[in-house]
Amino acid sequence: MPTSPVVDVERLNVTYGDFQAVKDLSLRVERGEFYALLGTNGAGKTSTLEVVEGHRRAASGTVRIFGERPQDRRAVRPRMGIMLQESGFSPDLTVRESVGLIGALSGRTDDVDRVLDVSGLTHKAGTRVAQLSGGEKRRLDFATAVYGGPELVILDEPTTGLDIQSRDSLWAAVDRLRDNGSTIVLTTHYLEEAQQRADRIGLMHEGTLHREGTVAELTQTLPSVISFALPDGAPEPPIVGALNGAFHVETFNLQEDLHRLLGWAHDTGVELQQLAAGPTRLDDVFRALDAG
Amino acid sequence: MFEIARSELIQIFRNRLVLVTGLIIPVAVSGFFVYQHEIFSDLGSLGYVAAIVLFSVTAFGLYTTAVTTLAARRQDLFLKRLRSTAASDPSILTGLVLPVTVIALIQVVAILIVLGVVSTSPAEIPLLVVAILATMAMMVALALATAGLTNSPEHAQVTTLPVSLAVIAVASWVGISGTENLAYVKRLLPGGAATELVMNAWDGGVSLADSLPLLIPTVAWVVLAVALAGRLFRWELRR
(Lines give C-alpha, C1' and ligand atoms only; values in the text may rest on other atoms or scores of the structure.)
Protein backbone atom coordinates (compact mmCIF):
# COMPACT_ATOMS: atom_id res chain seq x y z
CA MET A 1 0.00 0.00 0.00
CA PRO A 2 1.55 3.37 -0.99
CA THR A 3 2.22 5.74 1.89
CA SER A 4 1.46 9.44 1.70
CA PRO A 5 4.52 11.67 1.18
CA VAL A 6 6.04 13.43 4.16
CA VAL A 7 6.38 16.64 2.15
CA ASP A 8 3.93 17.27 -0.67
CA VAL A 9 4.26 20.51 -2.63
CA GLU A 10 1.85 21.09 -5.49
CA ARG A 11 2.16 23.96 -7.96
CA LEU A 12 3.68 26.34 -5.44
CA ASN A 13 4.08 30.01 -6.27
CA VAL A 14 5.77 32.51 -3.95
CA THR A 15 5.87 36.22 -4.71
CA TYR A 16 7.40 39.31 -3.11
CA GLY A 17 5.53 42.23 -4.57
CA ASP A 18 6.04 41.99 -8.32
CA PHE A 19 8.91 39.53 -8.00
CA GLN A 20 8.05 35.87 -8.38
CA ALA A 21 10.54 33.90 -6.28
CA VAL A 22 9.03 30.44 -6.89
CA LYS A 23 7.13 29.47 -10.02
CA ASP A 24 4.74 26.55 -10.20
CA LEU A 25 6.96 24.21 -8.20
CA SER A 26 5.85 20.67 -7.37
CA LEU A 27 7.84 18.11 -5.41
CA ARG A 28 7.31 15.19 -3.08
CA VAL A 29 9.56 13.77 -0.41
CA GLU A 30 8.78 10.25 0.68
CA ARG A 31 9.13 8.80 4.16
CA GLY A 32 12.75 8.01 5.07
CA GLU A 33 14.10 9.76 2.00
CA PHE A 34 17.05 12.18 1.93
CA TYR A 35 16.06 14.93 -0.49
CA ALA A 36 18.45 17.74 -1.41
CA LEU A 37 17.08 20.95 -2.89
CA LEU A 38 19.90 22.71 -4.68
CA GLY A 39 20.14 25.83 -6.72
CA THR A 40 22.02 28.98 -7.52
CA ASN A 41 21.74 32.03 -5.28
CA GLY A 42 18.23 33.46 -5.59
CA ALA A 43 16.92 30.25 -7.16
CA GLY A 44 14.02 30.16 -4.70
CA LYS A 45 15.22 27.38 -2.36
CA THR A 46 14.83 29.32 0.86
CA SER A 47 11.45 30.73 -0.20
CA THR A 48 10.28 27.19 -0.92
CA LEU A 49 11.60 25.92 2.40
CA GLU A 50 10.01 28.81 4.29
CA VAL A 51 6.61 27.85 2.92
CA VAL A 52 7.27 24.21 3.77
CA GLU A 53 8.27 25.28 7.29
CA GLY A 54 5.11 27.37 7.65
CA HIS A 55 7.01 30.64 7.97
CA ARG A 56 5.72 32.10 4.73
CA ARG A 57 2.41 31.92 2.91
CA ALA A 58 2.24 30.81 -0.70
CA ALA A 59 0.75 33.08 -3.34
CA SER A 60 -0.88 29.95 -4.72
CA GLY A 61 -0.49 26.18 -4.65
CA THR A 62 -0.69 23.74 -1.79
CA VAL A 63 1.86 22.42 0.69
CA ARG A 64 1.20 19.51 3.03
CA ILE A 65 3.51 18.11 5.71
CA PHE A 66 2.39 14.69 6.94
CA GLY A 67 -0.88 15.55 5.19
CA GLU A 68 -1.36 18.70 7.31
CA ARG A 69 -1.00 22.40 6.57
CA PRO A 70 2.46 23.60 7.67
CA GLN A 71 0.85 26.47 9.57
CA ASP A 72 -0.89 23.96 11.82
CA ARG A 73 2.03 24.00 14.24
CA ARG A 74 0.43 21.89 16.92
CA ALA A 75 -0.05 19.03 14.44
CA VAL A 76 3.17 19.39 12.46
CA ARG A 77 5.94 20.76 14.68
CA PRO A 78 6.24 17.83 17.11
CA ARG A 79 7.14 15.70 14.07
CA MET A 80 9.39 18.23 12.38
CA GLY A 81 12.77 19.73 13.31
CA ILE A 82 13.90 22.89 11.55
CA MET A 83 17.46 24.14 11.22
CA LEU A 84 17.05 27.71 10.01
CA GLN A 85 19.54 29.37 7.69
CA GLU A 86 20.14 32.12 10.25
CA SER A 87 20.53 31.38 13.91
CA GLY A 88 17.75 33.24 15.77
CA PHE A 89 18.70 32.70 19.38
CA SER A 90 18.52 35.14 22.21
CA PRO A 91 22.05 36.40 22.94
CA ASP A 92 21.55 36.54 26.72
CA LEU A 93 20.55 32.88 27.10
CA THR A 94 23.11 30.11 27.50
CA VAL A 95 23.45 27.20 25.10
CA ARG A 96 21.79 24.83 27.58
CA GLU A 97 18.93 27.26 28.21
CA SER A 98 18.40 27.76 24.47
CA VAL A 99 18.27 24.04 23.71
CA GLY A 100 16.04 23.44 26.74
CA LEU A 101 13.64 26.22 25.77
CA ILE A 102 13.27 25.39 22.08
CA GLY A 103 13.21 21.67 22.88
CA ALA A 104 10.46 22.09 25.43
CA LEU A 105 8.41 24.13 22.95
CA SER A 106 8.96 21.64 20.12
CA GLY A 107 6.43 19.18 21.49
CA ARG A 108 9.10 16.46 21.58
CA THR A 109 10.96 15.05 24.54
CA ASP A 110 14.67 14.45 24.88
CA ASP A 111 17.60 14.83 27.25
CA VAL A 112 19.28 18.21 26.81
CA ASP A 113 22.69 16.78 27.74
CA ARG A 114 22.35 14.08 25.10
CA VAL A 115 21.46 16.63 22.44
CA LEU A 116 24.38 18.87 23.46
CA ASP A 117 26.67 15.86 23.21
CA VAL A 118 25.38 14.89 19.76
CA SER A 119 25.91 18.47 18.58
CA GLY A 120 29.38 18.80 20.12
CA LEU A 121 28.28 21.57 22.45
CA THR A 122 28.70 19.97 25.86
CA HIS A 123 31.72 22.13 26.69
CA LYS A 124 29.73 25.25 25.71
CA ALA A 125 26.60 24.39 27.70
CA GLY A 126 27.00 27.32 30.10
CA THR A 127 28.16 29.85 27.50
CA ARG A 128 25.85 32.65 26.43
CA VAL A 129 24.81 32.61 22.77
CA ALA A 130 26.35 36.07 22.28
CA GLN A 131 29.77 34.57 22.95
CA LEU A 132 29.50 31.70 20.44
CA SER A 133 31.34 31.63 17.13
CA GLY A 134 29.40 31.36 13.88
CA GLY A 135 30.09 27.62 13.65
CA GLU A 136 28.98 27.04 17.24
CA LYS A 137 25.74 28.88 16.54
CA ARG A 138 25.13 26.56 13.58
CA ARG A 139 25.67 23.58 15.87
CA LEU A 140 23.22 25.08 18.38
CA ASP A 141 20.75 25.44 15.54
CA PHE A 142 21.32 21.82 14.62
CA ALA A 143 20.84 20.77 18.25
CA THR A 144 17.37 22.31 18.40
CA ALA A 145 16.44 20.76 15.04
CA VAL A 146 17.34 17.21 16.08
CA TYR A 147 15.99 17.50 19.64
CA GLY A 148 13.70 14.54 20.22
CA GLY A 149 14.64 12.80 16.96
CA PRO A 150 11.88 14.25 14.74
CA GLU A 151 10.42 12.29 11.82
CA LEU A 152 11.26 15.12 9.41
CA VAL A 153 14.37 17.29 9.67
CA ILE A 154 14.81 20.35 7.47
CA LEU A 155 18.43 21.46 7.18
CA ASP A 156 18.90 24.85 5.54
CA GLU A 157 22.60 25.27 4.74
CA PRO A 158 23.61 23.25 7.81
CA THR A 159 27.38 23.17 7.36
CA THR A 160 28.02 26.79 6.41
CA GLY A 161 30.76 28.08 8.71
CA LEU A 162 31.57 24.67 10.20
CA ASP A 163 35.08 23.26 10.32
CA ILE A 164 35.71 19.80 8.90
CA GLN A 165 35.42 17.96 12.24
CA SER A 166 32.13 19.68 13.01
CA ARG A 167 30.83 18.80 9.56
CA ASP A 168 31.75 15.18 10.02
CA SER A 169 30.06 14.95 13.40
CA LEU A 170 26.97 16.73 12.04
CA TRP A 171 26.67 14.27 9.17
CA ALA A 172 27.25 11.38 11.55
CA ALA A 173 24.31 12.64 13.62
CA VAL A 174 22.20 12.97 10.46
CA ASP A 175 23.14 9.42 9.48
CA ARG A 176 21.91 8.18 12.87
CA LEU A 177 18.64 10.04 12.35
CA ARG A 178 18.28 8.34 8.98
CA ASP A 179 19.00 4.97 10.53
CA ASN A 180 16.06 5.68 12.84
CA GLY A 181 13.83 6.40 9.86
CA SER A 182 13.86 10.21 9.78
CA THR A 183 13.21 12.01 6.52
CA ILE A 184 15.77 14.69 5.64
CA VAL A 185 15.32 17.75 3.45
CA LEU A 186 18.55 19.61 2.79
CA THR A 187 19.65 22.76 1.03
CA THR A 188 23.36 23.40 0.68
CA HIS A 189 25.93 25.09 -1.46
CA TYR A 190 28.35 22.21 -0.84
CA LEU A 191 27.33 20.00 -3.74
CA GLU A 192 29.53 17.09 -2.70
CA GLU A 193 27.50 16.77 0.51
CA ALA A 194 24.32 16.36 -1.50
CA GLN A 195 26.02 14.09 -4.02
CA GLN A 196 27.29 11.77 -1.29
CA ARG A 197 24.12 11.53 0.77
CA ALA A 198 20.96 12.47 -1.08
CA ASP A 199 18.62 9.82 -2.43
CA ARG A 200 17.17 12.39 -4.78
CA ILE A 201 18.12 15.90 -5.74
CA GLY A 202 15.98 18.74 -7.02
CA LEU A 203 17.77 21.45 -8.98
CA MET A 204 16.18 24.88 -8.81
CA HIS A 205 16.99 27.76 -11.09
CA GLU A 206 15.24 31.12 -11.28
CA GLY A 207 12.30 29.94 -9.22
CA THR A 208 11.55 26.71 -11.01
CA LEU A 209 12.49 23.10 -10.35
CA HIS A 210 14.47 22.46 -13.51
CA ARG A 211 15.46 18.87 -12.89
CA GLU A 212 14.93 16.19 -10.29
CA GLY A 213 16.29 12.69 -9.78
CA THR A 214 19.07 10.58 -8.31
CA VAL A 215 22.67 11.70 -8.76
CA ALA A 216 23.07 9.06 -11.49
CA GLU A 217 19.96 10.26 -13.30
CA LEU A 218 21.07 13.87 -13.18
CA THR A 219 24.65 13.27 -14.26
CA GLN A 220 24.00 10.75 -17.02
CA THR A 221 22.60 13.47 -19.29
CA LEU A 222 26.00 15.15 -19.47
CA PRO A 223 29.15 13.55 -20.93
CA SER A 224 32.18 12.52 -18.89
CA VAL A 225 35.54 14.00 -19.84
CA ILE A 226 38.90 12.46 -20.72
CA SER A 227 41.78 14.86 -21.17
CA PHE A 228 45.40 14.28 -22.04
CA ALA A 229 48.30 15.57 -24.12
CA LEU A 230 50.62 13.74 -26.51
CA PRO A 231 54.37 14.10 -27.08
CA ASP A 232 55.57 15.52 -30.38
CA GLY A 233 55.44 13.04 -33.23
CA ALA A 234 52.93 10.75 -31.60
CA PRO A 235 50.42 9.11 -33.94
CA GLU A 236 46.76 10.09 -33.98
CA PRO A 237 44.88 8.61 -30.99
CA PRO A 238 41.80 6.40 -31.51
CA ILE A 239 39.45 9.03 -29.99
CA VAL A 240 39.00 12.61 -31.15
CA GLY A 241 38.57 15.92 -29.38
CA ALA A 242 41.64 18.14 -29.69
CA LEU A 243 41.58 21.42 -27.84
CA ASN A 244 44.52 23.84 -28.12
CA GLY A 245 47.04 21.09 -28.65
CA ALA A 246 45.72 19.01 -25.76
CA PHE A 247 42.99 16.45 -26.06
CA HIS A 248 39.65 17.05 -24.33
CA VAL A 249 37.24 14.25 -25.10
CA GLU A 250 33.60 14.20 -24.00
CA THR A 251 32.08 10.74 -23.79
CA PHE A 252 28.95 9.01 -22.60
CA ASN A 253 30.94 5.78 -22.47
CA LEU A 254 33.81 6.64 -20.16
CA GLN A 255 35.00 3.14 -19.28
CA GLU A 256 35.06 1.82 -22.82
CA ASP A 257 36.72 4.90 -24.34
CA LEU A 258 39.29 5.08 -21.57
CA HIS A 259 40.07 1.39 -22.01
CA ARG A 260 40.49 1.91 -25.76
CA LEU A 261 42.79 4.91 -25.22
CA LEU A 262 44.98 3.14 -22.67
CA GLY A 263 45.18 0.06 -24.90
CA TRP A 264 46.25 2.23 -27.83
CA ALA A 265 48.90 3.96 -25.69
CA HIS A 266 50.23 0.64 -24.51
CA ASP A 267 50.31 -0.88 -27.99
CA THR A 268 52.00 2.15 -29.58
CA GLY A 269 54.32 2.90 -26.67
CA VAL A 270 53.02 6.49 -26.40
CA GLU A 271 53.11 8.18 -23.03
CA LEU A 272 49.82 9.96 -22.29
CA GLN A 273 50.70 13.22 -20.59
CA GLN A 274 48.50 14.94 -17.98
CA LEU A 275 45.97 12.17 -18.29
CA ALA A 276 42.77 12.84 -16.38
CA ALA A 277 39.42 11.14 -16.58
CA GLY A 278 36.34 11.26 -14.37
CA PRO A 279 32.59 10.84 -14.32
CA THR A 280 30.26 13.80 -14.62
CA ARG A 281 29.86 15.53 -11.29
CA LEU A 282 26.94 17.42 -9.91
CA ASP A 283 28.98 20.59 -10.32
CA ASP A 284 28.95 20.03 -14.08
CA VAL A 285 25.17 19.59 -14.10
CA PHE A 286 24.91 22.75 -12.06
CA ARG A 287 27.12 24.74 -14.39
CA ALA A 288 25.20 23.51 -17.39
CA LEU A 289 21.98 24.60 -15.68
CA ASP A 290 23.34 28.03 -14.86
CA ALA A 291 24.67 28.46 -18.40
CA GLY A 292 21.15 27.87 -19.66
CA MET B 1 4.06 30.02 27.32
CA PHE B 2 5.60 29.70 30.79
CA GLU B 3 8.87 28.39 29.32
CA ILE B 4 9.10 31.53 27.17
CA ALA B 5 8.17 33.73 30.15
CA ARG B 6 10.86 32.08 32.26
CA SER B 7 13.51 32.65 29.59
CA GLU B 8 12.40 36.30 29.27
CA LEU B 9 12.72 36.78 33.01
CA ILE B 10 16.26 35.39 32.88
CA GLN B 11 17.11 37.78 30.06
CA ILE B 12 15.66 40.82 31.85
CA PHE B 13 17.87 40.20 34.86
CA ARG B 14 20.93 39.54 32.70
CA ASN B 15 20.54 42.68 30.61
CA ARG B 16 21.60 45.63 32.77
CA LEU B 17 20.31 48.20 30.28
CA VAL B 18 16.79 46.76 30.42
CA LEU B 19 17.04 46.40 34.16
CA VAL B 20 17.95 50.06 34.64
CA THR B 21 15.79 51.73 31.99
CA GLY B 22 12.79 49.48 32.27
CA LEU B 23 12.65 48.67 35.94
CA ILE B 24 14.74 50.96 38.11
CA ILE B 25 14.06 54.35 36.50
CA PRO B 26 10.23 54.04 36.63
CA VAL B 27 10.48 53.06 40.29
CA ALA B 28 12.80 55.99 40.99
CA VAL B 29 10.43 58.43 39.26
CA SER B 30 7.45 56.97 41.10
CA GLY B 31 9.39 57.14 44.36
CA PHE B 32 9.89 60.85 43.77
CA PHE B 33 6.13 61.36 43.31
CA VAL B 34 5.43 59.41 46.51
CA TYR B 35 8.10 61.34 48.42
CA GLN B 36 6.61 64.65 47.22
CA HIS B 37 3.01 63.46 47.45
CA GLU B 38 1.88 66.47 49.48
CA ILE B 39 3.01 68.88 46.77
CA PHE B 40 1.47 66.84 43.96
CA SER B 41 -1.76 66.18 45.85
CA ASP B 42 -2.14 69.94 46.27
CA LEU B 43 -2.06 70.21 42.47
CA GLY B 44 -4.73 67.55 42.07
CA SER B 45 -5.42 64.95 44.71
CA LEU B 46 -3.84 61.83 46.16
CA GLY B 47 -5.70 59.95 43.46
CA TYR B 48 -3.78 62.01 40.92
CA VAL B 49 -0.48 60.99 42.56
CA ALA B 50 -1.61 57.34 42.37
CA ALA B 51 -2.52 57.76 38.69
CA ILE B 52 0.78 59.40 37.81
CA VAL B 53 2.65 56.60 39.60
CA LEU B 54 0.62 54.03 37.67
CA PHE B 55 1.36 55.67 34.33
CA SER B 56 5.03 56.29 35.12
CA VAL B 57 5.54 52.57 35.71
CA THR B 58 3.33 51.31 32.91
CA ALA B 59 4.58 53.83 30.31
CA PHE B 60 8.32 53.85 31.02
CA GLY B 61 8.54 50.36 32.47
CA LEU B 62 5.92 48.06 31.00
CA TYR B 63 5.14 49.71 27.65
CA THR B 64 8.65 50.80 26.66
CA THR B 65 10.28 47.55 27.79
CA ALA B 66 7.65 45.43 26.03
CA VAL B 67 8.14 47.29 22.73
CA THR B 68 11.93 47.11 23.05
CA THR B 69 11.78 43.40 23.90
CA LEU B 70 9.56 42.52 20.95
CA ALA B 71 11.72 44.54 18.54
CA ALA B 72 14.90 42.92 19.89
CA ARG B 73 13.49 39.41 19.65
CA ARG B 74 12.40 40.07 16.07
CA GLN B 75 15.78 41.52 15.16
CA ASP B 76 17.56 38.49 16.65
CA LEU B 77 15.19 36.23 14.65
CA PHE B 78 14.15 34.77 17.99
CA LEU B 79 10.48 35.28 17.10
CA LYS B 80 11.02 33.20 13.96
CA ARG B 81 12.80 30.58 16.04
CA LEU B 82 9.88 30.42 18.48
CA ARG B 83 7.48 30.06 15.55
CA SER B 84 9.54 27.06 14.43
CA THR B 85 8.21 25.27 17.49
CA ALA B 86 4.74 24.02 18.36
CA ALA B 87 3.99 27.19 20.38
CA SER B 88 1.06 29.24 19.08
CA ASP B 89 1.39 32.93 18.25
CA PRO B 90 -0.74 34.08 21.23
CA SER B 91 1.28 31.95 23.65
CA ILE B 92 4.56 33.31 22.22
CA LEU B 93 3.45 36.92 22.64
CA THR B 94 1.99 36.26 26.07
CA GLY B 95 5.16 34.53 27.18
CA LEU B 96 7.30 37.42 25.94
CA VAL B 97 5.37 40.19 27.69
CA LEU B 98 4.27 38.29 30.80
CA PRO B 99 7.43 38.84 32.93
CA VAL B 100 7.61 42.57 32.35
CA THR B 101 3.86 42.83 32.98
CA VAL B 102 4.09 40.95 36.27
CA ILE B 103 7.12 43.00 37.32
CA ALA B 104 5.26 46.24 36.51
CA LEU B 105 2.23 45.03 38.45
CA ILE B 106 4.37 44.24 41.48
CA GLN B 107 6.05 47.63 41.20
CA VAL B 108 2.73 49.49 40.99
CA VAL B 109 1.21 47.59 43.89
CA ALA B 110 4.29 48.07 46.06
CA ILE B 111 4.57 51.79 45.35
CA LEU B 112 0.85 52.39 45.88
CA ILE B 113 0.99 50.50 49.19
CA VAL B 114 3.80 52.83 50.25
CA LEU B 115 1.74 55.82 49.10
CA GLY B 116 -1.21 54.53 51.12
CA VAL B 117 0.98 54.08 54.19
CA VAL B 118 2.57 57.54 54.04
CA SER B 119 -0.71 59.31 53.18
CA THR B 120 -4.22 57.86 53.33
CA SER B 121 -5.47 54.55 52.03
CA PRO B 122 -7.59 54.31 48.87
CA ALA B 123 -11.33 54.56 49.36
CA GLU B 124 -12.33 51.82 46.90
CA ILE B 125 -9.61 49.18 46.68
CA PRO B 126 -11.50 46.78 44.34
CA LEU B 127 -12.17 49.63 41.92
CA LEU B 128 -8.51 50.61 42.10
CA VAL B 129 -7.52 47.03 41.27
CA VAL B 130 -9.82 47.06 38.25
CA ALA B 131 -8.41 50.41 37.12
CA ILE B 132 -4.82 49.15 37.44
CA LEU B 133 -5.54 45.95 35.50
CA ALA B 134 -7.40 47.80 32.74
CA THR B 135 -4.57 50.32 32.41
CA MET B 136 -1.98 47.56 32.19
CA ALA B 137 -4.03 45.74 29.55
CA MET B 138 -4.20 48.98 27.55
CA MET B 139 -0.44 49.56 27.78
CA VAL B 140 0.38 45.97 26.77
CA ALA B 141 -1.99 46.22 23.80
CA LEU B 142 -0.45 49.56 22.79
CA ALA B 143 3.00 47.93 23.09
CA LEU B 144 1.99 45.17 20.66
CA ALA B 145 0.73 47.75 18.17
CA THR B 146 3.81 49.97 18.56
CA ALA B 147 6.13 46.96 18.14
CA GLY B 148 4.68 46.59 14.64
CA LEU B 149 6.07 50.03 13.79
CA THR B 150 9.42 49.46 15.47
CA ASN B 151 12.30 48.02 13.47
CA SER B 152 14.89 47.61 16.22
CA PRO B 153 15.48 48.15 19.94
CA GLU B 154 17.19 51.45 19.09
CA HIS B 155 14.18 52.50 17.03
CA ALA B 156 11.99 51.77 20.06
CA GLN B 157 13.54 54.77 21.81
CA VAL B 158 11.78 56.93 19.23
CA THR B 159 8.58 55.00 18.57
CA THR B 160 7.64 54.66 22.25
CA LEU B 161 7.94 58.37 23.01
CA PRO B 162 4.56 59.56 21.62
CA VAL B 163 2.44 57.11 23.63
CA SER B 164 4.61 57.36 26.78
CA LEU B 165 4.54 61.13 26.83
CA ALA B 166 0.88 61.28 25.78
CA VAL B 167 -0.43 59.09 28.61
CA ILE B 168 1.65 60.97 31.21
CA ALA B 169 0.46 64.31 29.80
CA VAL B 170 -3.18 63.19 29.67
CA ALA B 171 -2.95 61.80 33.23
CA SER B 172 -1.58 65.14 34.44
CA TRP B 173 -4.16 67.13 32.48
CA VAL B 174 -7.05 65.09 33.85
CA GLY B 175 -5.53 64.88 37.34
CA ILE B 176 -4.86 68.58 37.71
CA SER B 177 -7.77 70.15 35.81
CA GLY B 178 -10.45 67.49 36.45
CA THR B 179 -13.16 66.59 33.98
CA GLU B 180 -15.63 69.39 34.52
CA ASN B 181 -14.56 70.86 31.20
CA LEU B 182 -13.97 68.89 27.98
CA ALA B 183 -14.97 65.71 29.80
CA TYR B 184 -15.54 63.63 26.66
CA VAL B 185 -12.26 64.67 25.07
CA LYS B 186 -10.29 63.95 28.23
CA ARG B 187 -11.95 60.59 28.76
CA LEU B 188 -11.45 59.46 25.16
CA LEU B 189 -7.74 60.24 25.14
CA PRO B 190 -5.49 57.28 26.08
CA GLY B 191 -5.21 57.17 29.86
CA GLY B 192 -7.79 59.91 30.48
CA ALA B 193 -10.64 57.71 31.68
CA ALA B 194 -8.21 55.42 33.50
CA THR B 195 -6.78 58.41 35.41
CA GLU B 196 -10.27 59.53 36.42
CA LEU B 197 -11.09 55.97 37.51
CA VAL B 198 -7.95 55.76 39.66
CA MET B 199 -8.76 59.15 41.22
CA ASN B 200 -12.34 58.09 41.97
CA ALA B 201 -11.07 54.84 43.51
CA TRP B 202 -8.45 56.54 45.67
CA ASP B 203 -10.22 59.75 46.66
CA GLY B 204 -13.76 58.26 46.92
CA GLY B 205 -16.94 60.31 46.82
CA VAL B 206 -18.12 59.00 43.42
CA SER B 207 -20.64 56.20 43.14
CA LEU B 208 -19.69 52.90 41.52
CA ALA B 209 -22.40 53.45 38.89
CA ASP B 210 -20.70 56.68 37.85
CA SER B 211 -17.18 55.23 37.97
CA LEU B 212 -17.59 51.92 36.14
CA PRO B 213 -18.54 53.43 32.73
CA LEU B 214 -15.07 54.99 32.79
CA LEU B 215 -13.75 51.52 32.00
CA ILE B 216 -15.34 51.64 28.55
CA PRO B 217 -12.82 54.03 26.90
CA THR B 218 -9.90 52.07 28.34
CA VAL B 219 -11.34 48.77 27.08
CA ALA B 220 -11.98 50.46 23.72
CA TRP B 221 -8.29 51.42 23.58
CA VAL B 222 -7.39 47.78 24.28
CA VAL B 223 -9.63 46.60 21.44
CA LEU B 224 -8.33 49.27 19.05
CA ALA B 225 -4.68 48.56 19.92
CA VAL B 226 -5.12 44.79 19.52
CA ALA B 227 -6.81 45.34 16.14
CA LEU B 228 -3.93 47.61 15.11
CA ALA B 229 -1.40 45.05 16.34
CA GLY B 230 -3.14 42.40 14.25
CA ARG B 231 -2.51 44.52 11.16
CA LEU B 232 0.89 45.97 12.03
CA PHE B 233 2.74 43.29 13.97
CA ARG B 234 5.49 41.51 12.05
CA TRP B 235 7.26 38.34 13.12
CA GLU B 236 10.27 38.86 10.89
CA LEU B 237 12.30 41.77 9.61
CA ARG B 238 11.12 43.21 6.33
CA ARG B 239 12.85 41.78 3.27
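A note on names: the letters A, B, ... follow the listed sequences, proteins ahead of strands, and every chain is numbered from 1.
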- Query: Is any residue of residues 87-102 of chain B within less than 4.5 Å of chain A by heavy atoms, and which ones?
  - Reply: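 So the qualifying residues are B:Ala87, B:Ser88, B:Asp89, B:Ile92.
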Is it the side chain or the backbone of [X] that comes within 4.5 Å of chain B heavy atoms, both, or neither?
| X | value |
| --- | --- |
| A:Ser106 | backbone |
| A:Glu86 | both |
| A:Leu93 | both |
| A:Arg108 | neither |
| A:Thr144 | side chain |

- Query: Charged N to carboxylate O under 4.0 angstrom, A:Arg28 versus A:Glu10?
  - Reply: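 No.
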- Answer yes or no: is there an ion pair linking A:Lys137 with A:Asp141, defined by an N-O contact shorter than 4.0 Å?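 No salt bridge links A:Lys137 with A:Asp141.
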- Give the member of A:Val76, A:Ile102, A:Leu84, A:Val129 that has the highest number of heavy-atom pairs under 4.5 Å with chain B.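 Heavy-atom pair counts peak at A:Leu84.
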- Query: What residue in A:Ile82, A:Asp92, A:Asp72 has the most heavy-atom pairs under 4.5 Å with chain B?
  - Reply: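 Most pairs with chain B among the choices: A:Asp92.
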- What distance do A:Glu193 atom CD and A:Arg197 atom CZ have between them, rounded to the nearest 0.5 Å?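 Reported to 0.5 Å precision, the distance equals 6.5 Å.
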- Query: Which atoms of B:Arg83 come close to chain A, meaning under 4.5 Å heavy atom to heavy atom: side chain ones, backbone ones, both, or neither?
  - Reply: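 Interface part for B:Arg83: both.
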- Item | Listed once per pair and sorted, the side chain to side chain donor-acceptor pair (under 3.5 Å) pairs that draw on residues 156-174 of chain B, sequence neighbours left out |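 Those involving residues 156-174 of chain B are B:Tyr48-B:Ser172, B:Thr150-B:Thr159.
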- Task: Report yes if the side chains of A:Glu30 and A:Tyr35 come closer than 4.5 Å at any heavy-atom pair, otherwise no.
- Result: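 Contact flag for A:Glu30/A:Tyr35 side chains = no.
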- Query: Do A:Asp24 and A:Leu209 come close enough that some side-chain heavy atom pair is under 4.5 Å?
  - Reply: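 When only atoms from C-beta onward are counted, A:Leu209 and A:Asp24 do not touch, as no gap falls below 4.5 Å.
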- Item | B:Arg74 NZ/CZ over B:Phe233 ring centroid, <6.0 Å and within 45° of normal |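 Yes, cation above the ring, under 6.0 Å and within 45°.
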- Parallel, tilted or perpendicular: which fits the ring planes of B:Phe32 and B:Phe40, with parallel below 30° and perpendicular above 60°?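 Perpendicular, since the angle between the ring planes exceeds 60°.
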